[in-house]
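Nothing fancy with the numbering, it's 1 onward along the sequence. Nothing here was measured: the structure is a model prediction, and the numbers come from that model.
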Amino acid sequence: MGKTTTAINLSSALAQQDMWTLVVDCDPQANTTGGLGFAKDPARRTLYHALMMDVPLDSMILDCAVEGLHLIPSEKNLVGATVELVEMPEREQLLRRKLESLRDKFNFIILDCPPALDLLTLNALVAADSVIVPVQCEYFALEGVSELLDTLIRIRRTLNPKLAVEGILLTMFDDRTNLSHQVRDDLRDFFGDQVFSTVIPRNVRLAEAPSYGKPIFLYDPQCRGAESYLELAKEVINHDQKGAGARA
């Protein structure tokens, strides 16, 4: 459980806190689209059509089952954009320009990136104000986070000087194991306040919910996973209110 689980459930929790929230599924696997209840539909316009065919983003926004939550869906054809974007001028800036017209319409815009650092991920990082880094409580977590933060620093130097780290999020935390506690303590020792106070537990209900096309708040709102994402949403909102503008 990592980025997609967090994109689905954090955005749902933000909407439940009366935050008008948009999720942009930037991953060709479209797991966020499916996890929010939208089955594959070849006729549906998606982020691919916005990036490659200049279809306006606001024309493809879908209303989710959670009130106040909206989605720009993805599809498998989006993988072709990583090839087609190569020849375009200012190719890293395309998503940022597309999203400009939507920034004032939402309190939060959540971008779910692909797992690889390709042109889609790069577009998302250039469009974003800040990044949430989900980290599973496993060995090598510290090394992996350090490498990712080095990448973010390079992007900030060259393409998006405003890019910040919203926070490092511990996921799949098992309170019964020494390993989870060790990873948590190591990350907090190394990164300090950059680590969220909230941790996301290893939770069966969180793992089950996507297969039903539901965020955890519609699948099992009383479970520990739901409670944790609600706490995370409150932490993100509090952080945002201390800063300037909504995070993406």
Side-chain angles (χ1 to χ4, degrees), residues 3-12 14-15 19-132 155 158-160 162-163 210 213-215 245-248:
K3 65 179 186 61
T4 297
T5 298
T6 295
I8 292 170
N9 294 307
L10 173 58
S11 60
S12 300
L14 289 168
M19 295 288 135
W20 206 247
T21 304
L22 173 67
V23 184
V24 183
D25 191 350
C26 303
D27 190 342
Q29 296 181 70
N31 289 334
T32 293
T33 300
L36 286 171
F38 296 95
K40 294 179 181 178
D41 180 1
R44 184 169 55 220
R45 291 182 297 183
T46 67
L47 183 61
Y48 175 80
H49 298 87
L51 293 178
M52 307 314 305
M53 300 179 185
D54 208 27
V55 177
L57 280 177
D58 57 7
S59 70
M60 61 187 64
I61 295 174
L62 303 175
D63 295 333
C64 301
V66 176
E67 186 177 358
L69 180 61
H70 307 81
L71 171 72
I72 292 175
S74 181
E75 59 166 322
K76 63 181 180 180
N77 288 332
L78 189 60
V79 73
T82 60
V83 177
E84 296 174 58
L85 283 169
V86 170
E87 302 299 325
M88 297 183 66
E90 297 186 325
R91 58 198 180 202
E92 304 91 351
Q93 307 286 340
L94 187 57
L95 181 58
R96 182 189 62 78
R97 293 197 298 267
K98 298 283 185 182
L99 284 171
E100 281 298 325
S101 63
L102 298 179
R103 277 180 171 267
D104 294 337
K105 298 180 181 179
F106 295 94
N107 298 107
F108 288 90
I109 298 176
I110 306 293
L111 308 175
D112 184 31
C113 298
L117 186 59
D118 57 17
L119 273 173
L120 292 171
T121 302
L122 193 57
N123 262 268
L125 292 174
V126 172
D129 295 325
S130 60
V131 180
I132 291 176
I155 291 172
T158 57
L159 295 168
N160 184 2
K162 296 181 180 179
L163 185 64
K214 294 181 179 181
R247 307 292 186 216

Handout entry: Exercise: identify the closest heavy-atom pair between Met88 and Leu94
Key = CE-CD2, 4.1 Å
Exercise for the section: Using modelled atom types only, decide if a donor and an acceptor are shared between the side chain of Asn123 and the backbone of Arg96 within a distance under 3.5 Å. Expected result: no
Exercise for the section: Determine yes or no for a side-chain-to-main-chain donor-acceptor pair under 3.5 angstrom, with Thr121 supplying the side chain and Ala116 the backbone. Expected result: yes
Fill in the blank from the handout: The reported gap from SG in Cys26 to CG in Asp118 (rounded to nearest 0.5 angstrom) is 10.0 Å
Practice task
For a ring-ring contact (aromatic ring centres under 6.0 Å, His included) with His70, tell me which candidate from Trp20, Phe38, Phe108 qualifies.
Solution key: Trp20
Problem - Nearest heavy atoms of Leu111 and Ala127, plus distance in Å - result: CD1-CB, 4.2 Å
Fill in the blank from the handout: Rounding to 0.5 Å, atoms CG (Leu85) and CD (Glu92) come to a distance of 9.0 Å
Completion exercise
The single option from Asn160, Leu159, Ile155 that satisfies side chain to side chain contact (heavy atoms under 4.5 Å, CB included) with Leu125 is Ile155
Practice task
Would you check if Leu102 and Ile72 make a side-chain contact, meaning some heavy-atom pair closer than 4.5 Å?
Solution key: yes
Problem - Under 3.5 Å donor-acceptor, Arg44 side chain and Ala39 backbone - result: yes
Fill in the blank from the handout: Rounded to the nearest 0.5 angstrom, the CE-CG distance for Met19 and Leu69 is 13.5 Å
Practice task
Report yes if some heavy atom in the side chain of Arg97 is under 4.5 Å from a heavy atom in the side chain of Glu90; otherwise report no.
Solution key: yes
Problem - Closest non-hydrogen atom pair, Asp25 against Ser74 - result: O-CB, 3.2 Å
Handout entry: Test item: Val23 and Cys64 side chains (from C-beta on) under 4.5 Å apart, heavy atoms
Key = no
Practice task
Evaluate the side-chain proximity of Gln29 to Pro115: yes if any heavy-atom separation is below 4.5 Å, no if none is.
Solution key: yes
Review item, side-chain donor-acceptor pairs of residues 77-84, under 3.5 Å, at least two apart:
residue	atom	partner	partner atom	Å
Asn77	ND2	Glu75	OE1	3.0
Thr82	OG1	Val79	O	2.6
Glu84	OE1	Tyr48	OH	3.4
Glu84	OE2	Tyr48	OH	2.9

Problem - Rounded distance [0.5 Å steps], CG in Leu62 versus OG1 in Thr33 - result: 8.0 Å
Problem - Any Thr32 side-chain heavy atom under 4.5 Å of Ile110 side chain - result: no
Problem - Pairwise side-chain contact, Leu14 with Asn107, heavy-atom cut-off 4.5 Å (strictly under) - result: no
Handout entry: Evaluation steps, side chain to side chain contact (heavy atoms under 4.5 Å, CB included), between Ile61 and Lys105
Key = CA-CA 12 Å; Ile61 295 174; Lys105 298 180 181 179; over 6 Å; no
Problem - Derivation of the side chain to side chain contact (heavy atoms under 4.5 Å, CB included) call for Val126 and Gln93 - result: CA-CA 7 Å; Val126 172; Gln93 307 286 340; 3.5 Å; yes
Handout entry: Sub-4.5 Å side-chain heavy-atom contact between Ser12 and Thr21
Key = no
Practice task
Indicate yes or no: at least one non-hydrogen side-chain atom of Leu95 is less than 4.5 angstrom from one of Leu47.
Solution key: yes
Problem - Distance-only donor-acceptor check, side chains Thr4 and Asn31, under 3.5 Å - result: no
Handout entry: Nearest heavy atoms of Met60 and Pro73, plus distance in Å
Key = O-CD, 3.5 Å
Handout entry: Salt-bridge present (Asp112, Lys3; N to O < 4.0 Å)
Key = yes
Problem - Shortest non-hydrogen contact from Val66 toward Pro215 - result: CG2-CG, 3.8 Å
